[in-house]
Colleague: 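Before we start, here is the structure in question, set down as structure tokens.
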Amino acid sequence: MKRFLRTCCLLLLAAAAVFPAAAFSAADIISPVPGVWGNVQPLVLNTADGSELYYSLTGSDPLLSGFAYDGPVVIDEKGDVRVKITAVSKDGRRTDMSVSYTVRDIPQDGAGPDAIAFLQEISENPIRKYVSGTVFSIPPEFSYSLYDRPGHFAAGTALSLSEKNTWERYVPLTVKSASGSWHFVMHIVAARTEPLRKRTVPFAVSNWTTLVFTSSKYSYQLDDGAWTAGPAEVYIDRFSTHTLRWKVAGGPENASVFSYQLPPMPQLRCRAGGDGCAVFSLQAAARDSASVPFMLGRAGGSQSLENVAEGQFLQLAADTFAGDELESVMRAGVYYDGVYQGVLEAAFALDRRPPAPPVVMSSSRSAFMHSQVSVSISAEQHADIYVSVSEPLEFEIESGEKNQAAFDAVQTGDYRLYDGKELLFSSLSDQATFYKIHAYAVDAAGNRSYETEYRVVVDELNFYLRPSAAASGEPPDGSYNRPFTTFAQAVDAINATSNMRLHVSGTVPVAAMHTIRSPCTILGVHDSLVFADGAGLRISGAQVEIRNCVLDKRSSHSGDKNLLSVSDATLTLRNCELKGQFRRNGMLVEAAASKLYFDNVNFTVQAPSYACAVSVLNSDCSVSQGGVSASAHTAVDFCVDGGKFSLQNSSLAVICRTGRCLELVRADAALLDNSFAARPLAESGNRLPVVPVWKDADTVVRKEKGNVTDGF
């Protein structure tokens, strides 16, 4: 992918005069900068305006008891440090500034060897020389920012510039980790230099348009003008070729005459290099000057920290590090046939800063959604977005840690150009479905952003109830991370959906009588619904299944009669236990015009007067591998009036003065491989008849075998 030269350069012509540089200011203090740092700091100042600079570290006046600044230096001070700086301009004006910062040791517990070695290097010498074309590695434990730009930190990486770079400068750089921050300066130098080839002539060109005759030994002639004795200054235009001749003054008529052609001023042009740097070269204004090439070098007298490398070059190049966005000016001195001509400038902009990562906008407020999720993606203007979507991963939620590991391992596959349309995600079955999206942006300069990752679990069926869940600050929505905390919240959600799987965890108090009117499955792992006085559950016109739960009514007032009431509905209980203690009379399940399926369900009911485990009217009831115990003065395990009844591989017991395990009225029954037991109720008085199975004349037992009795 191409790297970038954002704006191919503007020509800023310094033809007639050199504009004075701006006075020394805070922007010329490259280092130090305010902050708390883990390493000693360098003092690096820009002296482009020609000011004389002084500094002190003791708080004293730098002019009276400070040091003259003649180049970058390390301030070997720790603790709270204040650097006072005084600039004296060429016209004698004084400017005072100061910078305060703190240096303290930052522990590196847990840091890797590369990180420790990196910090040791910048601590020993915070002015790091960097040769263009080499690699400077910042360990991934750190993030970095160039030019101390807040908010522009990028992940640690290997930094490099083009080997062609001839633009030398000092670049401040900050790195930070969870432990603290470090600040240092990169001194960028060219990988190669060229010899400075100058021709010795008795004249000089000052800023293109001033021709200076420097020697009194010679007479000079410009073009076809009169011979003039030196020294002298002559103004010339640089839009056409001029010829300068000189000879020894007062010499014979046939004395040797020397000449030099001053070509028209060229243009400094720039273009994007093949590796993305800005490449500067000169375009001659006249074809006849092409025989002698113009050469580029450092501008004469420049004291700026941003300079062309020493030597002369056919072309120059400027580059910057990844993560940087830079607008600057290449200021180059121009030589022709070994003679310095003046300065040309060209503005340029290098864009190595990646665009902001794409923003994912989702219909889901969280990473868990109970309905179809729509997703759209946006990025910076003029940036293309590339997106990759994983295959759906179906799973059952067991623990956050286990799911997280599975989610982390999901790969998203190939990237494609995002077309701007919404992406839709749904759950595929009765399980939760996980999706992962990766997206990145590519700007007009070809920079690629960091990836954005979006994860979502779409679960249109599964909800969660955990009374012990910590408050999240947001209303519970039944998702795994924001579960319901009360049974009332769960019932409201059940009745608002067309189907639901409710996962319960722990002990769930049920404080009132609730009615379920929509299909649902209630799932637990030996978890309990504990019903208070007056509390119970009505199932009306719905298909409800309860698995692996304990339904426990531990106490009741005299009006309580039922734990579960079922009408015109289907109730399935699997691997459950129902327990109830009633104040006077009570039953665990009472059903009418319904279908009941009990698989591996244990019923235990107690009451002083009358206790019944299950009472059904005009319903179909199937029981397998169950256990039933009813204890009361009068006890019945199953009371069946009308409908079909099947009982297999189950154990029924009554503890009573009078009662029966089965009471069948107008029933169509099948009784296979069951055991029936009776135990006397410990109370005074005579014991009344107790039978295992009582049936009326309208009951038909179609299958009956393998049943045993005890205690009757």
Side-chain angles (χ1 to χ4, degrees), residues 22-49 51-88 94-106 108 118-130 136 138 142-153 156 159 168-177 179-189 303-307 320-321 323-324 326:
F24 186 86
S25 68
D28 293 308
I29 304 175
I30 309 302
S31 179
V33 294
V36 178
W37 312 112
N39 62 303
V40 296
Q41 294 297 290
L43 178 65
V44 182
L45 307 176
N46 188 9
T47 59
D49 72 330
S51 294
E52 293 182 355
L53 301 178
Y54 303 87
Y55 67 96
S56 72
L57 307 176
T58 61
S60 60
D61 187 334
L63 290 182
L64 298 177
S65 57
F67 303 92
Y69 177 82
D70 55 6
V73 63
V74 175
I75 303 171
D76 196 13
E77 299 281 340
K78 291 187 176 182
D80 295 330
V81 182
R82 184 185 181 204
V83 183
K84 296 187 70 173
I85 300 166
T86 296
V88 180
R94 171 174 174 158
T95 303
D96 293 303
M97 280 172 260
S98 66
V99 178
S100 296
Y101 62 92
T102 300
V103 176
R104 68 183 183 195
D105 293 332
I106 298 176
Q108 285 303 301
F118 174 81
L119 293 179
Q120 184 176 356
E121 289 178 0
I122 63 174
S123 297
E124 291 176 352
N125 183 7
I127 304 175
R128 307 299 304 170
K129 182 178 179 179
Y130 171 80
F136 181 81
I138 300 175
F142 302 98
S143 57
Y144 74 95
S145 175
L146 300 166
Y147 294 98
D148 305 308
R149 293 180 179 132
H152 285 79
F153 279 86
L159 299 178
E168 298 188 341
R169 65 197 195 280
Y170 287 83
V171 175
L173 192 149
T174 300
V175 297
K176 67 178 181 179
S177 69
S179 302
S181 300
W182 293 261
H183 182 267
F184 60 102
V185 173
M186 298 272 282
H187 181 199
I188 298 172
V189 299
Q303 295 177 289
S304 172
L305 292 180
E306 297 179 347
N307 268 320
T320 194
F321 291 115
D324 190 21
L326 183 66

Colleague: Below 30° counts as parallel, above 60° as perpendicular, anything between as tilted: where do the rings of Y69 and Y55 land?
Modeller: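 Perpendicular, since the angle between the ring planes exceeds 60°.
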Colleague: Would you mind reporting whether P62 and I85 have side-chain heavy atoms less than 4.5 Å apart?
Modeller: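 No, every pair of side-chain atoms sits at 4.5 Å or beyond.
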Colleague: Taking atom types as modelled and ignoring hydrogens, do the side chains of T58 and S60 form a donor-acceptor contact shorter than 3.5 angstrom?
Modeller: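 Judged by distance alone, the side chains do pair up.
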Colleague: Quick check for you: to the nearest 0.5 Å, what is the distance between S177 atom OG and L119 atom CG?
Modeller: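 Those atoms lie 7.0 Å apart.
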Colleague: From T102 OG1 over to K78 NZ, what is the distance, rounded to the nearest 0.5 angstrom?
Modeller: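 Answer for the OG1-NZ pair, T102 versus K78, is 13.0 Å.
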Colleague: Mind running side chain to side chain contact (heavy atoms under 4.5 Å, CB included) on R94 and T86 for me, showing each step along the way?
Modeller: CA-CA 7 Å; R94 171 174 174 158; T86 296; 3.6 Å; yes
Colleague: If I compare all heavy atoms of V185 with all of P42, which pair ends up nearest, and what's the gap?
Modeller: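 Between these two residues, the closest heavy atoms are CG2-CG, 3.7 Å.
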Colleague: So, do F321 and L173 sit near enough that their side-chain heavy atoms are less than 4.5 Å apart?
Modeller: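 No. Closest side-chain heavy atoms not under 4.5 Å.
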Colleague: Using 0.5 Å steps for rounding, measure from the CG atom of N125 to the CD atom of Q120.
Modeller: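 Here the rounded value is 12.5 Å.
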Colleague: So, T320 versus R169: side-chain donor-acceptor pair below 3.5 Å or not?
Modeller: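 Yes, because at least one side-chain N or O of T320 sits under 3.5 Å from a partner of the opposite role on R169.
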Colleague: Minimum heavy-atom separation for R128 to E121, with atom names?
Modeller: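 Heavy-atom minimum between the residues: NH1-O, 3.2 Å.
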Colleague: Run the salt-bridge test on R104 and D80 with the 4.0 Å N-O cut-off and return the result as yes or no.
Modeller: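 Result for this pair is no, no salt bridge flagged.
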Colleague: How close do I106 and G180 get, counting heavy atoms only, and between which atoms?
Modeller: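 Taking every non-hydrogen atom into account, CD1-CA, 3.8 Å.
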Colleague: Minimum heavy-atom separation for V40 to E77, with atom names?
Modeller: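 Shortest heavy-atom contact: CG1-O, 3.8 Å.
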Colleague: Within this structure, what is the OG-NZ distance for the pair S100 and K84, rounded to the nearest 0.5 Å?
Modeller: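 Going from the OG atom of S100 to the NZ atom of K84 covers 10.5 Å.
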Colleague: Using 0.5 Å steps for rounding, measure from the CG atom of D96 to the CG atom of L63.
Modeller: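 Reported value, rounded in 0.5 Å steps: 7.5 Å.
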Colleague: Could you check whether S145 and T174, counting side-chain N and O atoms only, form a donor-acceptor pair closer than 3.5 Å?
Modeller: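 Their side chains do not contain a donor-acceptor pair, so the 3.5 Å distance test is not met.
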Colleague: List in chain and number order the residues that pass salt bridge (Lys or Arg N to Asp or Glu O under 4.0 Å) with D76, two or more places apart in sequence or in another chain; answer none if no residue qualifies.
Modeller: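 Partners of D76 under the salt bridge (Lys or Arg N to Asp or Glu O under 4.0 Å) test: none.
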Colleague: Are side-chain heavy atoms of V99 and V33 found at a separation under 4.5 Å?
Modeller: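 No, too far: nothing below the 4.5 Å cut-off.
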Colleague: Assess whether side chain to side chain contact (heavy atoms under 4.5 Å, CB included) is satisfied between Y130 and H187, documenting all intermediate values.
Modeller: CA-CA 6 Å; Y130 171 80; H187 181 199; over 6 Å; no
Colleague: Could you tell me whether the side chain of F24 reaches within less than 4.5 Å of the side chain of I29, counting heavy atoms only?
Modeller: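 Yes, their side chains come closer than 4.5 Å.
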Colleague: Within the 4.5 Å heavy-atom criterion, are P32 and L43 side-chain neighbours or not?
Modeller: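 Yes; the side chains approach each other to less than 4.5 Å.
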Colleague: Just wondering, do N39 and V103 contact through their side chains at under 4.5 Å, heavy atoms?
Modeller: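 V103 vs N39: side chains apart.
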Colleague: If I compare all heavy atoms of A68 with all of Y54, which pair ends up nearest, and what's the gap?
Modeller: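 Minimum heavy-atom separation between A68 and Y54: CA-CD2, 3.7 Å.
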Colleague: Knowing that exactly one of Y147, W37, Y101, Y144 qualifies, which makes a ring-ring contact (aromatic ring centres under 6.0 Å, His included) with H183?
Modeller: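 Looking at Y147, W37, Y101, Y144, the match for H183 under the ring-ring contact (aromatic ring centres under 6.0 Å, His included) is W37.
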Colleague: Looking at L305, N46, T95, L45, which one forms a side chain to side chain contact (heavy atoms under 4.5 Å, CB included) with D28?
Modeller: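 In the set L305, N46, T95, L45, the residue that makes a side chain to side chain contact (heavy atoms under 4.5 Å, CB included) with D28 is N46.
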Colleague: Could you tell me if the side chain of W182 sits less than 4.5 Å from the side chain of K176, heavy atoms only?
Modeller: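 No, every pair of side-chain atoms sits at 4.5 Å or beyond.
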Colleague: Would you mind reporting whether Y170 and P72 have side-chain heavy atoms less than 4.5 Å apart?
Modeller: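 Result yes, sub-4.5 Å side-chain heavy-atom pair found.
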